[in-house]
Amino acid sequence: MTTTSDRPLQLLKDRLATISDVSAAEAALDWDRQTYMPEGGVEGRAEQLAALRRLAHEILVSKETRSLLEVLDEPEPGSEDFALARLARRDFERAVRLPAELVAELTRASALAQPAWERARAASDWATFAPHLEKLMRLQRETAEHLGYEDHPYDALLDLYEPGSTKARVQQMFEELKTLLVPMIHEIGALPNEGRSRPLYGEFDEAKQEEFGRGVISDFGYDWGRGRLDRVVHPFCAPLGGPGDVRITARFDRGWLSPALFAILHEAGHALYEQGVTPSYSRSPLSGGTSMGVHESQSRLWENLVGRSRAFWSFYYPRLKETFPEPLGETDPETFYRAVNEARPSEIRVEADELTYNLHILLRFELEVALIEEDLSISDLPAAWDAKTEEYLDLTAENHAQGVLQDVHWAAGLVGYFPTYSIGNVLSAQFFEAATKAHPEIPEMMGRGDFEALLGWMRANVYRHGRRYYPDELVEMATGHPLDTKPYLRYLKSKFGELYELT
Ligand code: ZN
């Protein structure tokens, strides 16, 4: 029965459902843009996407939404409705604080910056990109001021991707990571380069790569009745409006096994999260992942803690060898395990191994904080980038394309996003440790290609909640602790200590 006081809640839910439908339509068109759309669709599609985004924004910031939020009776704390109202308020507040002209200017500036970045990177030409970044950083600072913060403008930007996190907390996390990682990487870097990853290069038929990857993620529990896999240039996972349609994509290289294989495992991790959200949360703000960091913890968990483990390959390597008898004929399982875990400082973040990856993120985090503080000028950025690359990775940057111009994030208007990759790494080990504590048989099961216990724990403790809890609440509930670097450091130390016989 609907009483009069339930009425605003129901009306609010109806509006939020419409917003969710519009956003899902936008996501579907964007998926199409990146997979099958012919070149001729580019301009029309940009207009369609912008129109849908505008529409969703207008419904959210409308007078009607505001008055519903004002008259809403506070739902019972802890209930789903409470979580829904809390998220609706948060999304609304954030949206109304940003003036429409600023949002439009950011969208325009980044639309211009992205092709400029592509050209600049191709030519390794910093000077043509610098003015774009100058403008984007100014707009980001303005955005932070409008959003508001307690301690630091960076907090306001970080909060967009990782609700509740702050610059101070991220700094603390990196301090803890650095004490182990920096000496360990220097130690490995000083060892002779044996070219451990060699078995991953050769002639690998793309269709067979795809078939193998599909087999593995079917074993993980990816549901093909609610998903599909397609080919793209930059892999991503596309949830199209709820757990009923969660698509993944991959990029293939017939001369190199890693990109497709690990992209499929990575994107499947994101997809398992989305497919596991409580179905009744669909068409509401409760659907989807609670933060970029928690999302990334799942892609990293399935890609790395599972997909680069010895247990995993003890089961899957014989199958892989059967699929590719020619190129892998001479390689034994242990050599292959070492190949997929080669750790070596390299310039390119997206090709970095588990160990060095976080230092790429640390470098970007420190630089973007300095840019927001105006402690670092755009013209000094390339030199600062090179200095940190030298400090953390012992590498001298070859050129700007391999250095400061390598990532699209800043051009795409994403500042405060990078740390979520490292938060995800840290959480991946924290969740995995909690799951194996509850089910000590998980590693042994992985060695039989059986992921039921692991997936079951993740579904029960993380996935089903969607956005119902903020990241801190969820992590504490699932693992008994707030974000904690210790499980991750234990994991890296034991794995790479053994792989490289470190003392
Ligand atoms: Zn990811």
Side-chain angles (χ1 to χ4, degrees), residues 27 30-31 34-35 158 160-163 165 170 173 213 216-217 220-222 227-240 243 246-252 258-277 287-308 340 348-362 364-365 406-410 412-432 454-455 458 462-463 466-467 471 474-475 483 488 491:
D30 194 51
W31 170 85
Q34 297 191 62
T35 49
L158 181 61
L160 294 172
Y161 312 107
E162 201 59 30
S165 194
V170 170
M173 177 187 79
V216 174
I217 65 172
F220 283 178
Y222 181 72
R228 50 179 294 132
L229 166 66
D230 296 273
R231 296 184 178 211
V232 287
V233 186
H234 302 291
F236 62 97
C237 167
L240 303 184
V246 185
R247 306 178 188 192
I248 58 171
T249 57
R251 171 175 77 88
F252 288 81
S258 295
L261 175 60
F262 290 107
I264 292 173
L265 306 191
H266 181 102
E267 301 309 333
H270 284 300
L272 289 171
Y273 188 2
E274 294 278 346
Q275 286 190 337
V277 175
S287 73
T290 190
S291 72
M292 300 314 293
V294 174
H295 231 301
E296 200 63 15
S297 78
Q298 294 312 306
S299 54
R300 306 277 164 151
L301 183 137
W302 292 97
E303 177 194 353
N304 293 331
L305 283 97
V306 175
R308 293 182 204 266
V340 299
I348 305 294
R349 175 186 62 86
V350 295
E351 291 168 10
D353 55 81
E354 275 185 273
L355 204 55
T356 55
Y357 191 90
N358 296 294
L359 296 182
H360 288 270
I361 302 302
L362 170 61
R364 287 156 178 76
F365 164 68
Q406 67 179 272
D407 290 312
V408 69
H409 297 61
W410 290 337
L414 298 173
V415 174
Y417 188 101
F418 279 123
T420 67
Y421 293 125
S422 285
I423 292 173
N425 282 333
V426 167
L427 288 177
S428 70
Q430 192 172 339
F431 285 133
F432 190 79
L454 180 60
L455 181 64
M458 290 299 156
V462 180
Y463 302 171
R467 291 178 76 209
L474 181 76
V475 170
L483 180 132
Y488 184 55
Y491 161 71

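Ligands are counted one by one from 1 in listed order, and the atoms in each one are counted from 1 as well.
- The shortest distance between side-chain heavy atoms of Phe431 and Leu305 does not fall below 4.5 Å.
- Residue contacts to the Zn ion (ligand 1): His295 brings no N, O or S atom closer than 2.8 Å.
- The Zn ion (ligand 1) lies under 2.8 Å from an N, O or S atom belonging to His270.
- Among the atoms of Glu296, an N, O or S atom falls under 2.8 Å of the Zn ion (ligand 1).
- Note that Arg349 lies outside the cation-pi zone of Phe418, set by a 6.0 Å cut-off to the ring centre and a 45° limit from the axis.
- Aromatic ring pairs are classed by plane angle as parallel below 30°, tilted from 30° to 60° and perpendicular above 60°; the pair Tyr357 and His360 is tilted.
- A donor-acceptor contact closer than 3.5 angstrom is absent between the side chains of Asn304 and Tyr491.
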